[in-house]
2 protein chains.
Amino acid sequence: MGSKERLIEATSELLWERGYAATSPHDIMALAGVGQGSMYHHFSGKHDLAVQALRLSIERAMDANGLLDSAAQPLERLRANLFLPRPGVKGCRVGRMTQDPDVLADPELLGLVAEAFEQMHRKWAETIREAIDAGQLPGNVDPDDLASAFQAVIQGGYVLAKASGDQAPMDAAMRGAAALLDVAATSAASQQPAITAESSLDQILRHGVDGGEDMAATPANRSGGNRLGAH
Amino acid sequence: MGSKERLIEATSELLWERGYAATSPHDIMALAGVGQGSMYHHFSGKHDLAVQALRLSIERAMDANGLLDSAAQPLERLRANLFLPRPGVKGCRVGRMTQDPDVLADPELLGLVAEAFEQMHRKWAETIREAIDAGQLPGNVDPDDLASAFQAVIQGGYVLAKASGDQAPMDAAMRGAAALLDVAATSAASQQPAITAESSLDQILRHGVDGGEDMAATPANRSGGNRLGAH
DNA sequence: GTCTATACATAGATAGAC
DNA sequence: GTCTATCTATGTATAGAC
């Protein structure tokens, strides 16, 4: 690995650990093990170095979330992505940048971060749409809103973990989000059957218990079978 | 307002806008309109100033979330708190601190942040417990997990808003979280009635519509009924 | 209590030798 | 391509006058 790559790697690490504003060229050179001459030969300065390092970090972060693109059932992809191992206490390489004043003031750096979040949002929303289409989630939730909520719970999970110095609150947040997702999935699965079952009860009550016809083949029966099959 | 108060107010604002590491004593003095002599007379240094300013910020942030302690129905308090107006693009005065390297390295500052998050967590969890006890949320969700999820979705909402420079993604995240909460509430509301309805149906089915023998009361039927009750 | 003057380290970048 | 030397501005704090 040449000096240039080592400098990019070092910058990427320091951007993660200390952010942009608090990282000095001196820190980078020390971690990369190169002198000032090399750094200013390969890069125009701190900004240039940060742009290239951030591109690398974002590329890696997107790859780590490739699970959303897998071939599994959409609902399962959502759950699996929530429970992806994430280094809460170290924080998010990308989300971290949003709190750095010098990043916010730098259109190029901020643009990279914004684009990354938009791209992840599209992935989440697409998978949620598939889940709704497959009847795995209720049709009355907005996929874009839900996508933002999942992005937020992950980013916020990092914040909780860093605040406490402990992974536990982030894991708890993911479990809480997954629990709500499960309730929604159950609701979607029971929606059609539940309505049917209720109306069949209404029918029975309306027609009387000894009315007679078709009992075994009631929707209630099928609903039980469908629900088992759905999961 | 004396120099001391002005200095604390100015520090509080700058901690919010630029964080701790990127805020210099010079910035603070300029914003407060006082000289160096005043600052080092009232405070031992930057750290001391930050501690007192952060205490103030936290106090205000807790007050802003006092809604969770209101007398309204617990579920409504949860929803209302999600939809509290929040300055997404400006970020969270408290959560912001978790991304500052100099805060993470300062036990006193980090301790204040950690304590604030714990306190908010207790508020959320307590309200969620009340909602479950009131039958407004399903009994099988963990209040602590759900509390962490709500804290995270808010903190993450700030991150999304700062990344995009737009309040919209944060609002979307809150709507998404509220939608999941609503599904859970609907599920809880239908739970008790559902059990009753289902068990009455089971009874009808078990005793037979035509006086017959248990044909309708197959395991498949009961499993469908039980699942409605259990979830 | 508040001011100005001063001190010392670090940030970020340039110059020029090898 | 890489190194050391140098430069200017800023961060953080102290000294001492008023």
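Labels below follow one simple rule: chain letters A, B, ... track the order of the sequence lines, proteins then strands, and each chain is numbered from 1. Quick note: numbers below take in every heavy atom, side chains included, and nothing from hydrogens, waters or symmetry partners.
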Enquirer: Does a side-chain N or O of B:His42 approach OP1 or OP2 of C:dT2 to a distance below 4.0 Å, or not?
Expert: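 Answer yes for this pair, as a side-chain N or O of B:His42 is under 4.0 Å from OP1 or OP2.
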Enquirer: Is there a donor and acceptor pair closer than 3.5 Å between the side chain of A:Gln36 and the base of C:dA15?
Expert: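 There is none.
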Enquirer: Need one value for A:Ser44: base, sugar-phosphate or nothing, where a base atom within 4.0 Å counts as base even if backbone is also close, heavy atoms only.
Expert: nothing
Enquirer: Is any NZ, NE, NH1 or NH2 atom of the basic residue among A:Arg18 and A:Glu13 found under 4.0 Å from an Asp or Glu carboxylate oxygen of the other?
Expert: no
Enquirer: To the nearest Å, give me how far apart NE2 (B:His26) and P (C:dA7) are.
Expert: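 Nearest whole value for this atom pair: 19 Å.
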Enquirer: State whether B:Asp144 and B:Arg129 are salt-bridged, where the test is any N-O pair (Lys NZ or Arg NE/NH1/NH2 against Asp/Glu carboxylate O) under 4.0 Å.
Expert: yes
Enquirer: Starting at the 5' end of DNA chain C, which residue's closest nucleotide do you reach first, A:Thr23 or B:Val34?
Expert: B:Val34
Enquirer: Let me know, please, whether A:Gly37 or B:His41 comes out on the 5' side of the other along DNA chain C by nearest nucleotide.
Expert: B:His41
Enquirer: What are the two closest heavy atoms between B:Ser187 and A:Val183, and how far apart are they?
Expert: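 Smallest interatomic distance, heavy atoms only, reads CB-CG1, 3.9 Å.
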Enquirer: Would you indicate which nucleotide in D:dT2, D:dT12, C:dA13 comes nearest to any side-chain atom of A:Ser38?
Expert: D:dT2
Enquirer: Take atom CE of B:Met29 and atom P of C:dG1, then tell me their distance rounded to the nearest Å.
Expert: 19 Å
Enquirer: Over all heavy atoms of both residues, which pair between B:Trp16 and B:Arg96 is shortest? Give the atoms and the distance, please.
Expert: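 Closest approach of B:Trp16 to B:Arg96: O-NE, 2.7 Å.
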Enquirer: Side-chain N or O of A:Ser3 versus OP1/OP2 of D:dG1: is the shortest distance under 4.0 Å?
Expert: no
